[in-house]
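Just so it is clear, the values below take in all heavy atoms, side chains as well, and ignore hydrogens, waters and symmetry mates. Here is how names work: the chains are called A, B, and so on, in the same order as the sequence lines, proteins then strands, and each is numbered from 1.
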Number of protein chains: 2
Amino acid sequence: MARAGLTAERLARAGADLADEVGFDQVTVSAIARHFDVKAASLYSHVRNSHDLRTRIALLALEELADRCAAAIAGRAGKDALAAFADVYRDYAREHPGRYTAARFPLDPGTAAASAGPRHAAMSRALLRGYALAEPEETHAVRLLGSVFHGYVSLESAGGFSHSAPDSQESWTRIVDALDALLRNWPTAT
Amino acid sequence: MARAGLTAERLARAGADLADEVGFDQVTVSAIARHFDVKAASLYSHVRNSHDLRTRIALLALEELADRCAAAIAGRAGKDALAAFADVYRDYAREHPGRYTAARFPLDPGTAAASAGPRHAAMSRALLRGYALAEPEETHAVRLLGSVFHGYVSLESAGGFSHSAPDSQESWTRIVDALDALLRNWPTAT
DNA sequence: TGCATTTGCCTAATACATTTAGGCAAATGG
DNA sequence: CCATTTGCCTAAATGTATTAGGCAAATGCA
């Protein structure tokens, strides 16, 4: 019998594509096995179990997203960089909803530390250099940006802002404006 | 044989409790059947299927959260109201992580319209009355607040802000400060 | 080239979740 | 007090996750 040429990476990539098509939680060991026209049990030579497979998809998505972020902020500063960074998140989630969901799959601390997560944090800080906030305020701002981007994108993809005026794009633009204004005028601690 | 006295509501409540204990996606028809010491098939007289059960848990959580929000903003205005509202979200997610996850379960449009979702939106607008934003800016601000609260709480519960200084409570306080400042000083559209 | 080892996918089997169909007994109500 | 409804049951089909053990293809080394 011919071999299918499975590897953990190919499984994760196929899983990521499948997630974008049918949703991350429909990504099942059996579904991926079907995709490769192989028995489900065969996947267990390459991934430990279902959780391991999902983790690999999550890591893949985090890397992709970090790469896009890096490309977006290169050569930009201030509001330009902020807007580009924000758009990366939103566009990625719209183009790849399954991958974006995967990127939020809970990782255990060790795996998280070895993931592209820290790169994301570093890029947020790089972005904020243009606004010159002193610690600990910069950390608060990092957390705020992460919250807004993640929160907006996740509410939007859950359909929260469809079917109501004004359209989502307009809110997104104004929210980025508002964040820029806030960062330039960060309130002092009481 | 004695009857267990199942109803859709009791199943949903048990499911919500189970979600808080073991996570929303471990809430399964079988697990709830075990809890009532009943066969899984018996639940199908009360809920249509697994998806229906989850939907009912989601609706329950949305109601609870809306009730807490209503209590929090009653008799408060401005930053006081903003902080109280924000704390409701965060505290609910911390006390009831499974219910909070359930509250984000994707509802089909009809179900969403009949849920406590619209109450949440109305309360956000009530909250913003103290800041006197004209439309469409008020809508943008509603979406911003939803994004920040949801995003922060979901990143926090995924462990995003643990194991790093400053602690999460401090960021939360400062972010609420910052949002208040932003709303009082909302930038004009370009 | 030829053989030994490793590797990759297989079959078989178990366990558990979901869901449908059909049955019997308990509750309800005229 | 009987008829009907309702509630939970058993049985069975389907699908997923996972482990164990086997055979054949690929690989590596003499």
Handout entry: side-chain hydrogen bond (donor to acceptor under 3.5 Å, both in side chains) between B:Ser164 and A:Arg143, worked out
Key = CA-CA 12 Å; B:Ser164 64; A:Arg143 291 171 177 181; 3.0 Å; yes
Practice task
Round to a whole Å and report the spacing from CG of B:Leu43 to C1' of D:dT6.
Solution key: 16 Å
Problem - Among C:dC10, D:dA11, D:dA17, the nucleotide that comes nearest once only the side chain of B:Ala41 is considered - result: D:dA11
Fill in the blank from the handout: Rounded to whole Å, CD1 of A:Ile32 lies from C1' of D:dT18 at a distance of 15 Å
Handout entry: Side-chain N or O of A:Thr28 closer than 4.0 Å to phosphate OP1/OP2 of D:dT16
Key = no
Exercise for the section: Establish, with yes or no, whether the OP1 or OP2 oxygen of D:dT6 is under 4.0 angstrom from a side-chain nitrogen or oxygen of B:Ser45. Expected result: no
Problem - Result of checking A:Arg99, A:Arg56, A:Arg119 against A:Glu63 for salt bridge (Lys or Arg N to Asp or Glu O under 4.0 Å) - result: A:Arg119
Problem - For atom CG of A:Asp25 and atom P of D:dT16, their distance in whole Å - result: 14 Å
Practice task
Answer yes or no: is there an ion pair linking A:Asp17 with A:Arg13, defined by an N-O contact shorter than 4.0 Å?
Solution key: no
Handout entry: C:dT18 phosphate, OP1 or OP2, under 4.0 Å from B:Ser50 side-chain N/O
Key = yes
Exercise for the section: May I have the distance from A:Asp37 (atom CG) to C:dC10 (atom C1'), rounded to whole angstrom? Expected result: 13 Å
Completion exercise
In short, salt bridge (charged side-chain N to carboxylate O under 4.0 Å, His left out) pairs touching residues 165-180 of chain A with sequence neighbours left out are A:Lys79-A:Asp177, A:Arg174-A:Asp177, A:Arg174-B:Glu137, A:Asp180-A:Arg184
Fill in the blank from the handout: Which of C:dC10, D:dA17, D:dT10 is nearest the side chain of B:Lys39? It is D:dT10
Handout entry: Spacing between A:Tyr44 atom OH and C:dT11 atom P, to the nearest angstrom
Key = 16 Å
Handout entry: Short side-chain N/O contact to C:dA17 OP1/OP2 from B:Arg34, under 4.0 Å
Key = yes
Practice task
Please state how far atom CG in B:Leu6 lies from atom C1' in C:dA27, giving the value in whole angstrom units.
Solution key: 15 Å
Handout entry: Distance, rounded to the nearest Å, where A:Glu9 contributes CD and C:dG8 contributes C1'
Key = 16 Å
Practice task
Tell me whether the OP1 or OP2 atom of D:dC8 has a side-chain N or O from B:His46 closer than 4.0 Å.
Solution key: yes
Problem - Nearest-angstrom distance from the residue atom CG of B:Leu11 to C1' of D:dC8 - result: 12 Å
Practice task
Could you tell me whether A:Glu135 and A:Arg125 have a side-chain N and a carboxylate O separated by less than 4.0 Å?
Solution key: yes
